[in-house]
Amino acid sequence: MVASIIDGKRLGAEIEEELKSSVSLMASSSRAPHLVVVIVGEDPASHVYVRNKERACKRIGIRSTRYDLPEDSDHGDLISLIRKLNDDREVDGILVQSPLPSNFDEIGITEMIRPDKDVDGFHPINLGRIVTGRTDGMLPCTPSGIMRMLESTGESLRGKKALVIGRSRIVGMPAALLLTQRGIDATVTIAHSRSEDLESLCRDSDILIAAVGKPGMVRKEWVKEGAMVIDVGINRVEIEGRSRLVGDVEEGASEYAKWITPVPGGVGPMTISMLMTNTVRAAESRLH
Ligand code: NDP
């Protein structure tokens, strides 16, 4: 079997097209949605991510503002900025780029953002809503992007065995919760660094989501014949003297899977599209 590719770039572009029309309607009747991105320090990868988010805003017509805080800013500086943005009626979405320098309490900062402006979907209220079965709020971007990719295949997930490798607050755990929602109805196993016999868990799974951050850790022959594979990992590696991005799933898994996401061009672009979706949603609820 050679897997079909779930093309995150193409799917993301389709989502952006839909958003464009909502945004232009909003812009003509009141104002365009407004996303504020806050970045602290000089982490090069974070600057690339922020630039990509700004570019997406521009493509769609979303207004974006960026605050660059120096590496040596303190917690108080960031908290006062968030308070100001929370109160600003012209701001719909607030995103504080992760990772923050080590002297910051990242979870505490997330909790400072008003839940209805938390376009990353990481505030405990937004994460908690998913537990109660509500998926109409600010959903965390990578997990909701994963769901959109699975849905785009047209395959039913009902009753299927899904394995989520990784239990992080921002990817693995919410992805597992979304897969078990009523109406989606997958049967979910969550694996982590203490899980035993990952190989058997993988071999038994119809849906495999790898969100670990270890290049090629899921061996291609572990993938069940006909499985759907979502590779969330983004790992920079040197191959034959060239720097490349690879996922958590070994190359060649498409010989076994029925559907698979590429790295790059899979979950990454979808994460940005979901951020744009949350920003438009936040603006719609504020402007209506
Ligand atoms: P974290 O480091 O927060 O979580 C990694 C998870 O992997 C943990 O739960 C950890 O287990 C688990 N793990 C580590 N080693 C193993 C192992 N040997 N076997 C099984 N599980 C293991 O990472 P994130 O969730 O933030 O990100 C995961 C990956 O996804 C990274 O490569 C990141 O770059 C990428 N990513 C991609 C995004 C995109 O847009 N495409 C967005 C966000 C992340 P334990 O809990 O026991 O430590």
Side-chain angles (χ1 to χ4, degrees), residues 12 15-16 18-40 49-50 53-54 56-58 60-67 69 75 77-98 100 104-148 168-171 173-175 177-178 181 270-288:
I15 292 168
E16 284 190 9
E18 286 164 25
L19 293 175
K20 261 187 205 167
S21 40
S22 320
V23 167
S24 79
L25 258 174
M26 267 188 266
S28 57
S29 61
S30 49
R31 62 166 177 77
H34 183 197
L35 172 68
V36 172
V37 180
V38 182
I39 180 161
V40 185
Y49 291 139
V50 166
K53 289 166 188 172
E54 288 173 325
C57 286
K58 199 160 177 202
I60 297 168
I62 294 174
R63 176 181 164 204
S64 73
T65 305
R66 165 169 160 184
Y67 286 84
L69 299 189
H75 225 245
D77 299 330
L78 183 52
I79 288 174
S80 344
L81 176 58
I82 291 172
R83 286 208 173 108
K84 189 179 98 172
L85 298 171
N86 277 344
D87 293 341
D88 188 340
R89 294 173 59 84
E90 298 288 309
V91 172
D92 302 304
I94 305 169
L95 181 151
V96 178
Q97 183 62 41
S98 171
L100 288 169
F104 285 85
D105 163 17
E106 204 159 307
I107 293 185
I109 293 293
T110 303
E111 290 177 8
M112 293 288 307
I113 298 172
R114 265 176 68 145
D116 61 347
K117 295 191 179 187
D118 164 43
V119 283
D120 254 340
F122 298 158
H123 191 286
I125 288 188
N126 288 323
L127 290 175
R129 277 209 181 109
I130 307 176
V131 178
T132 67
R134 284 193 49 192
T135 52
D136 57 340
M138 295 287 130
L139 294 178
C141 302
T142 302
S144 60
I146 292 171
M147 295 309 295
R148 289 289 281 265
S168 72
R169 178 180 61 98
I170 62 171
V171 187
M173 205 53 103
L177 285 170
L178 289 177
Q181 292 295 309
M270 283 301 287
T271 297
I272 295 190
S273 300
M274 294 298 106
L275 172 68
M276 299 297 116
T277 302
N278 276 348
T279 306
V280 172
R281 242 187 212 189
E284 277 169 347
S285 61
R286 185 151 298 102
L287 297 174
H288 287 151

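This one's a predicted model, so the numbers in the text were calculated from it and none came from an experiment.
By the side chain to side chain donor-acceptor pair (under 3.5 Å) test, Thr277 pairs with no residue at all, sequence neighbours left out. Shown here are the ring-ring contact (aromatic ring centres under 6.0 Å, His included) partners of Tyr49, two or more places apart in sequence or in another chain: there are none. Remark: Ser64 engages no residue in a side chain to side chain donor-acceptor pair (under 3.5 Å) (not counting sequence neighbours). Applying the side chain to side chain donor-acceptor pair (under 3.5 Å) criterion to Glu54, with sequence neighbours excluded, gives Arg66.
Among residue pairs with one or both ends in residues 121-136, those qualifying as salt bridge (Lys or Arg N to Asp or Glu O under 4.0 Å) are Arg134-Asp136; sequence neighbours excluded. Pairs of residues two or more places apart, or lying in two chains, that qualify as salt bridge (Lys or Arg N to Asp or Glu O under 4.0 Å) and include a residue from residues 27-37 are Arg31-Glu90, Arg31-Asp92.
Going from atom CE of Met276 over to atom SG of Cys141 covers 8.5 Å, rounded to the nearest 0.5 Å. Atom NZ of Lys117 sits about 9.5 Å away from atom NE2 of His34, to the nearest 0.5 Å. A distance of 11.5 Å separates SG of Cys57 from CZ of Arg63, quoted to the nearest 0.5 Å. Distance check, rounded to the nearest 0.5 Å: CD1 of Ile60 to CG of Leu19 gives 5.0 Å. Summarising the geometry, atom CG belonging to Leu35 is positioned 6.0 Å from atom CG belonging to Leu95; distances are rounded to the nearest 0.5 Å. For the atom pair Ser80 OG and Leu85 CG, the distance stands at 10.5 Å (nearest 0.5 Å).
In terms of heavy-atom proximity, Ile125 sits nearest to Pro115 at CD1-CG, 3.9 Å. Of all heavy-atom pairs spanning Pro140 and Ile130, the tightest one is CD-CD1, 3.7 Å. The shortest non-hydrogen separation linking His123 to Ile113 is CD2-O, 3.2 Å. Minimum heavy-atom separation, Gly121 to Asn126: O-CB, 4.0 Å. Scanning both residues, Val119 and Met138, for their nearest heavy atoms gives CA-SD, 4.0 Å. Nearest approach of Ile15 to Met274, heavy atoms of both residues: CD1-CE, 3.5 Å.
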Report task. Before giving the answer on side-chain hydrogen bond (donor to acceptor under 3.5 Å, both in side chains), spell out for Thr135 and Gln181 the whole-Å C-alpha distance, their side-chain angles and the decisive distance to 0.1 Å. Result -> CA-CA 9 Å; Thr135 52; Gln181 292 295 309; 5.2 Å; no
Requested in this report: Take Met26 and Val280, measure what side-chain contact (heavy atoms from CB on, under 4.5 Å) needs, and give me the verdict at the end.
Outcome: CA-CA 9 Å; Met26 267 188 266; Val280 172; 3.6 Å; yes
Requested in this report: Decide side-chain contact (heavy atoms from CB on, under 4.5 Å) for Arg169 and Leu127; before the verdict, give the C-alpha distance in whole Å, the side-chain angles of both, and the deciding distance to 0.1 Å.
Outcome: CA-CA 9 Å; Arg169 178 180 61 98; Leu127 290 175; 4.0 Å; yes
Query - CA sep, side-chain torsions, deciding dist, call: Leu100, Leu78, side-chain contact (heavy atoms from CB on, under 4.5 Å) - result: CA-CA 11 Å; Leu100 288 169; Leu78 183 52; 4.2 Å; yes
Query raised in the report: Do Ile107 and Glu111 pass the side-chain contact (heavy atoms from CB on, under 4.5 Å) test, and can you show the C-alpha distance, the side-chain angles, and the key distance before you say yes or no?
Result: CA-CA 6 Å; Ile107 293 185; Glu111 290 177 8; 3.6 Å; yes
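Residue Asn86 is tested with Leu81, Val91, Ile94 for a side chain to side chain contact (heavy atoms under 4.5 Å, CB included); the sole match is Ile94. Partner of Pro174 under the side chain to side chain contact (heavy atoms under 4.5 Å, CB included) criterion, chosen from Ser168, Ser144, Pro143: Pro143.
When side chains are defined from C-beta on, Thr142 does not count as touching Ile170, because their heavy atoms never get closer than 4.5 Å. Arg114 has its side chain out of reach of Asp87: every pair of non-hydrogen atoms, C-beta onward, lies at least 4.5 Å apart. Glu106 places none of its side-chain heavy atoms less than 4.5 Å from the side chain of Phe122.
No side-chain donor-acceptor contact under 3.5 Å links Lys53 to the backbone of Leu275.
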